[in-house]
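See below for the structure under consideration.
Below, chain A is the first sequence line, B the second, and so on; all start at residue 1. Keep in mind that this is a model prediction, so the values were computed, not measured.
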There are 2 protein chains.
Amino acid sequence: MSQEQGNAPEPTLARLTRYLRCLRRLSDEGIQTISSKQLEARLGVLSAQIRKDLSYFGEFGKPGVGYNVQHLLERLSEVMQLDREHRAVIAGAGNLGSALAGYAGFAKSPFRIVGMFDNNFSKIGRLLWNLEIQDIHELPRINQTLGATIGILTVPANAAQEVADIMVDAGIRAILNFAPAHIHVPCHIAARDVDLLRELEILSYYLDRLPAEDEAKSDTAPEADGLDS
Amino acid sequence: MSQEQGNAPEPTLARLTRYLRCLRRLSDEGIQTISSKQLEARLGVLSAQIRKDLSYFGEFGKPGVGYNVQHLLERLSEVMQLDREHRAVIAGAGNLGSALAGYAGFAKSPFRIVGMFDNNFSKIGRLLWNLEIQDIHELPRINQTLGATIGILTVPANAAQEVADIMVDAGIRAILNFAPAHIHVPCHIAARDVDLLRELEILSYYLDRLPAEDEAKSDTAPEADGLDS
DNA sequence: TAGATTGTTAATCGATTAACAATC
DNA sequence: TAGATTGTTAATCGATTAACAATC
């Protein structure tokens with residue numbers, strides 16, 4: 001009996017992205033069927049956990065057989081809404097914003113960078129990866145045409161909130177914030193923080209607190225969140 | 001009674017970095033004392049949670065008074081080992097690696113980028129932000145001099161594991177992996193993944209699944225992990 | 001002292017893991 | 001059929017929250 005969507009725990013969503021990445025590879029490898037136990041071996045996630053995670057969204061497997069790779073891949077892509085394009089704008093044409101705008105990995109993803117914005121008049125008008133840098137204050141007007149739903153924030157910490165507000169104003173509904181500052185958004189907006197300095201600080205804690213180097217290689221260390229495939 | 005360090009839950013460590021950022025600001029503002037209830041108001045983390053988090057590392061406050069900002073800042077910096085410099089090398093002199101190498105935020109952090117590596121002979125020897133790009137295969141030799149303990153991985157997914165292995169070989173003890181691939185490391189190495197595509201995929205899930213726009217601004221949306229201050 | 005706030009213990013909550021009946 | 005594997009329920013585990021005695 002499948003539960004209705006919308007109440008899946010956040011950790012489940014994070015793992016779902018790992019399952020997807022693994023399934024894409026399996027699909028590329030031409031593998032047609034996979035069991036939760038086989039996925040466990042590939043991902044290091046317990047088979048019971050995998051089945052539980054999937055159960056939030058429906059029944060995708062056959063008892064005694066496993067999952068059809070292609071079918072599961074398509075269903076999970078639907079669940080994550082990765083079966084359609086998502087337009088994104090970047091605010092902040094500095095080092096990081098420019099690097100992200102040129103990220104080659106977007107090509108085989110459903111995400112398209114459709115606009116690049118900044119508040120610096122010496123940058124506005126310049127071309128970056130085929131995109132003209134535009135005035136961030138024009139975002140609400142310009143996004144009526146662009147129709148971006150995702151905003152990527154790569155501005156300095158002290159500008160993060162102000163630019164986030166502009167994005168919300170422009171109809172952006174999900175914000176990925178790279179600025180080392182917390183942004184407050186209305187509850188109808190999704191926001192996530194990606195914070196380089198915080199990640200380094202957490203790694204710093206573990207330095208000199210790890211088990212001594214003695215055993216053979218294993219991957220049971222404090223890996224925050226295993227990406228995969 | 002303070003517990004011995006080393007067994008703090010991961011979520012506690014993540015929040016600790018937020019407390020630290022807030023404390024630095026309070027210190028800058030010249031505020032000398034703060035209670036867990038006041039921190040709750042600033043951070044949106046329950047005061048009981050804050051006190052519990054701190055209790056993993058010691059007793060830092062005075063009942064009836066609160067915490068001395070400067071003292072708590074120093075103690076938590078020690079706990080996170082942020083009271084000393086950490087040298088880091090970047091592997092992968094592409095868009096992202098170059099952007100990170102030039103990140104201005106490092107200046108007032110304890111992290112120093114001391115080396116930049118790549119496997120592309122057309123890049124090796126070039127200067128980037130005052131650093132000469134060196135051959136990644138020379139990392140184990142060169143790091144005997146550099147003494148970096150942190151490795152930042154900004155190579156393509158298919159090279160991530162190989163380069164991670166070289167880093168481990170070179171004596172790197174913590175790896176921040178930006179490649180969209182899982183890396184396996186021995187259990188005496190700390191590793192964290194930062195994955196742009198995964199973050200976007202999770203945001204994609206929430207698109208069209210958020211409460212309708214009706215209420216006044218609030219920040220109770222599915223914000224993955226609130227950074228702060 | 002009275003009021004405030006700590007550090008800690010106990011209660012609650014939620015996520016992970018184990019177990020297993022259903023079924024291919 | 002016998003063996004395998006699902007989806008789900010129940011047990012376990014761990015983290016968050018609430019409550020409060022200790023104490024400044």
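- Between the NZ atom of B:Lys52 and the C1' atom of D:dT16 there is a distance of 9 Å, given to the nearest Å.
- Of the candidates C:dT16, D:dA18, C:dT17, D:dA18 carries the atom nearest the B:Ala48 side chain, counting heavy atoms from C-beta on.
- A:Gln49 places its CD atom 8 Å from the C1' atom of C:dA15, with the value rounded to the nearest Å.
- Inspection of the A:Arg51 and A:Ser36 side chains reveals an N or O donor paired with an N or O acceptor under 3.5 Å.
- For A:Leu46, the listed nucleotide lying nearest its side chain is C:dA18; candidates were C:dA18, D:dA18, C:dA15.
- When both distances must be under 3.5 Å, the Watson-Crick or G-U wobble mate of D:dT17 is C:dA10.
- Using a 4.0 Å cut-off between charged side-chain N and carboxylate O, B:Glu29 and B:Arg42 make a salt bridge.
- With D:dG7, C:dT23, C:dA15 as the choices, the nucleotide that has an atom nearest any side-chain atom of A:Glu59 turns out to be D:dG7.
- A sub-4.0 Å separation between OP1 or OP2 of C:dG7 and a side-chain N or O of B:Tyr67 is present.
- Going from atom CG of A:Leu13 over to atom C1' of C:dG14 covers 15 Å, rounded to whole Å.
- Here B:Arg51 does not reach the OP1 or OP2 of D:dT17: none of its side-chain N or O atoms lies under 4.0 Å away.
- Rounded to an integer number of Å, the gap from CD of B:Glu10 to P of D:dG14 is 15 Å.
- Ranked by how close their nearest DNA chain C nucleotide is to the 5' end, A:Gly64 and A:Pro11 are led by A:Pro11.
- Between B:Ser36 and C:dT6 there is a side-chain N or O to OP1 or OP2 distance below 4.0 Å.
- Nucleotide C:dG7 holds its P atom 7 Å from the CG atom of B:Leu54, rounded to whole Å.
- Following rounding to the nearest Å, B:Tyr56 (OH) and C:dT9 (C1') show an atom-to-atom distance of 13 Å.
- The pair B:Arg75-B:Glu78 meets the salt-bridge criterion, with a side-chain N (NZ, NE, NH1 or NH2) lying under 4.0 Å from an Asp/Glu carboxylate O.
- One interatomic measurement links the two molecules: NZ of A:Lys37 to P of D:dA4, which rounds to 13 Å at whole-angstrom precision.
- Salt-bridge annotation for A:Arg21 and B:Asp195: present, with a side-chain N of the basic residue lying under 4.0 Å from a carboxylate O of the acidic one.
- The distance from atom CD of B:Glu40 to atom C1' of C:dT6 is 15 Å, rounded to the nearest whole Å.
- Under the Watson-Crick or G-U wobble criterion, with both distances below 3.5 Å, D:dT5 is paired with C:dA22.
- Of the candidate nucleotides C:dA15, D:dC24, C:dA22, D:dC24 has the atom lying nearest to any side-chain atom of B:Lys62.
- Once rounded to the nearest 0.5 Å, the distance linking CD of A:Gln161 with NE2 of A:His184 reads 6.5 Å.
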